[in-house]
2 protein chains.
Amino acid sequence: MAAPTEPAVGPGGRRRAGQGPPPGCRSSLSPERLALAAIELADAEGLAAVSMRRLAASLGVGTMTLYYHVRDKDELLDLMWNEFLGGHLLDDIPADWRTALTEIARRIRQSFQRHPWALGVAVRPALGPNKLRYLEQYLTVASRITDDPDEQLRIIHSVSDLVVGCTLRELSGQAYRDPDEPAGDHNDDPAPMLEPQPGFDAIVAAEELPRLQSLRTAGCRLLTPRFEQALGWLLDGIEAAHPGARPAPPRPVEAATPTPDLVGTAATTRMHPKKGA
Amino acid sequence: MAAPTEPAVGPGGRRRAGQGPPPGCRSSLSPERLALAAIELADAEGLAAVSMRRLAASLGVGTMTLYYHVRDKDELLDLMWNEFLGGHLLDDIPADWRTALTEIARRIRQSFQRHPWALGVAVRPALGPNKLRYLEQYLTVASRITDDPDEQLRIIHSVSDLVVGCTLRELSGQAYRDPDEPAGDHNDDPAPMLEPQPGFDAIVAAEELPRLQSLRTAGCRLLTPRFEQALGWLLDGIEAAHPGARPAPPRPVEAATPTPDLVGTAATTRMHPKKGA
DNA sequence: CTAGTCCTCGTACGGTGTACGACGGCTGCT
DNA sequence: AGCAGCCGTCGTACACCGTACGAGGACTAG
């Protein structure tokens with residue numbers, strides 16, 4: 001509980017392992033350590049539990065000590081987001097672009113399901129190192145579909161958007177889950193019931209919403225996810241728009257090698273300027 | 001500023017206009033009025049500004065008065081979300097399902113852009129009256145594609161998910177906007193630059209991320225939205241999966257009529273029980 | 001006139017993010 | 001050796017948050 005154990009989200013954002021604080025650094029609080037401790041907290045008790053006081057306590061330091069290593073709580077969230085993204089980079093990218101995109105999408109979705117707090121941080125626009133590595137990976141796949149870089153970005157974003165939107169809905173719906181359902185571990189289909197709200201029938205009846213009514217009598221469940229199917233449709237559309245992109249990659253560019261480290265370079269060993277500076 | 005003016009999001013959630021407090025009700029604080037005032041606050045100063053104290057002050061009542069009409073702050077957010085959803089219901093649904101779905105999607109997206117706070121509330125799973133009306137509208141369109149209700153839901157959700165994900169990314173990226181850009185009012189394409197973060201080049205260079213590098217030298221902008229294109233791909237995929245669903249609706253069912261009101265029925269004229277009850 | 005219900009709201013408690021400044025220990029210069 | 005100055009830590013204080021509790025006014029029904 002007190003001592004933050006190792007990975008929690010992945011192998012520490014793709015850095016070379018076993019790497020204490022930088023040689024010249026006198027502090028033991030690396031940005032990474034902060035992020036991992038915060039993630040541990042969020043995993044255990046939700047994003048709301050990640051307060052500066054709680055985090056400091058879990059690290060065994062004074063609250064204000066954190067502010068030496070981090071400008072804001074926002075910056076802390078950025079660190080968490082970066083660490084989260086590092087958790088689902090692919091080790092090697094499948095040759096076929098369709099399976100590659102599917103694989104990437106599945107990984108994000110799984111990560112979100114394992115760390116639901118991440119959706120509350122996903123709004124964060126920060127382009128951290130892992131976000132860049134992540135984009136690079138996406139781009140590697142997209143370049144097998146088209147040579148137009150703008151089109152590559154459109155493809156990437158459309159897939160990523162669908163995943164985020166879908167996962168967001170799934171997780172938000174998870175609140176009212178049918179307790180009878182087996183709810184299989186982490187695969188597809190966390191299917192909540194149709195009537196979570198009291199007064200549902202009254203409203204549906206009085207408003208004459210025939211479609212909903214028949215859905216209800218048919219015993220249908222709202223919020224069936226079927227993530228895979230939606231992704232399939234989208235990929236179908238993309239494929240149709242880019243005929244002749246099916247087989248092997250036209251020009252092989254090796255994936256980004258996880259070369260040593262530059263992860264925290266911009267953020268280490270310097271006093272944190274106030275926001276205006 | 002103090003007195004919350006009229007619509008702010010739409011014609012008050014589809015209710016008959018000019019309708020003071022219910023006859024037997026002694027209070028002037030309807031759920032609707034609360035929601036509208038909160039929305040006004042959020043529009044003006046962001047979701048963070050919507051605190052119980054601020055809201056109460058803007059309504060000219062004591063803070064704790066709100067808790068008679070609302071159990072939680074969460075319930076207040078539910079009311080805001082419901083009101084928000086009421087703002088983009090279609091008045092009449094185009095006959096062609098593709099243009100209908102496109103129209104619905106565009107409306108949500110516009111609403112989100114006009115009320116960015118709504119994305120912070122979109123996680124809310126509550127099935128309020130307007131959410132139901134909204135689903136009904138969606139279902140009306142989807143029933144022209146397939147008769148399988150489960151498939152209808154899958155279609156609806158995939159479209160909705162894409163819109164939410166896309167808008168979420170767009171708005172979060174809006175933070176670092178290129179100030180040179182004309183930024184045309186509210187149409188497509190709020191295109192932020194590629195380098196919002198300092199240290200970008202250093203990371204890209206040191207990590208050998210060739211795709212990103214070339215994207216950068218090509219002057220490409222990350223985060224180009226192209227919402228329409230992504231939606232088009234998805235609809236293409238859906239269309240391909242359901243051949244022969246193109247022309248007119250097979251069996252005409254009139255859209256849900258905005259019959260009188262039942263909006264706040266379940267929530268009016270009763271003390272608010274504590275959460276457990 | 002009285003009992004009861006509806007509605008309002010002042011006070012207080014425990015939480016939050018963080019500005020400010022004090023303080024000890026280490027480094028490097030003279 | 002002495003001393004200046006930075007690095008890293010952190011106690012205190014402030015404004016703000018959501019909301020539990022209960023007092024009390026206004027109105028209605030009997």
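Values below: all heavy atoms of this structure, side chains included; hydrogens, waters and symmetry mates excluded. Proteins get letters first, then strands, A, B, ... in listed order; numbering begins at 1 in each.
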Between atom [atom1] in [X] and atom [atom2] in [N], what is the gap in whole Å?
X       : N      : atom1 : atom2 : value
B:Leu59 : C:dT8  : CG    : P     : 11 Å
A:Met52 : D:dA15 : CE    : P     : 21 Å
A:Arg71 : C:dT18 : CZ    : C1'   : 14 Å
A:Glu75 : C:dG17 : CD    : P     : 15 Å
B:Leu76 : D:dT19 : CG    : P     : 10 Å
B:Leu41 : D:dC17 : CG    : P     : 11 Å
A:Lys73 : C:dT18 : NZ    : C1'   : 12 Å
A:Leu55 : D:dT9  : CG    : P     : 13 Å

Less than 4.5 Å apart, side chain to side chain, heavy atoms only: is that true for [X] and [Y]?
X        : Y       : result
B:Glu45  : B:Arg54 : yes
B:Leu55  : B:Leu76 : yes
A:Arg124 : A:Met80 : no

Do you know the tightest heavy-atom contact between [X] and [Y]?
X        : Y        : answer
A:Ser111 : A:His88  : OG-ND1, 2.9 Å
B:Glu75  : B:His69  : OE2-O, 4.1 Å
A:Glu136 : B:Leu212 : OE1-N, 2.9 Å
B:Leu89  : B:Arg107 : O-NH2, 2.9 Å

Of the options C:dC7, C:dG17, D:dG8, whose atoms approach the side-chain atoms of A:Tyr68 most closely?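 Output: D:dG8.
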Quick one: side chain to side chain donor-acceptor pair (under 3.5 Å) partners of A:Arg53, sequence neighbours excluded?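 So A:Arg53 forms no side chain to side chain donor-acceptor pair (under 3.5 Å) with any residue.
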Salt bridge or not between A:Arg114 and A:Asp43? Use side-chain N to carboxylate O under 4.0 Å.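 Judged by the 4.0 Å cut-off on N to carboxylate O distance, A:Arg114 and A:Asp43 do not form a salt bridge.
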For the helix from C:dC1-D:dG30 to C:dT30-D:dA1, what angle separates the axis at the start from the axis at the finish, each from five pairs, in steps of 10°?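 About 10° separates the two local helix axes.
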Heavy atoms under 4.0 Å is the rule here; annotate nucleotides 9-15 of chain C 5' to 3' with B where the base is hit, S where only the sugar-phosphate is, and - elsewhere. BBBB---
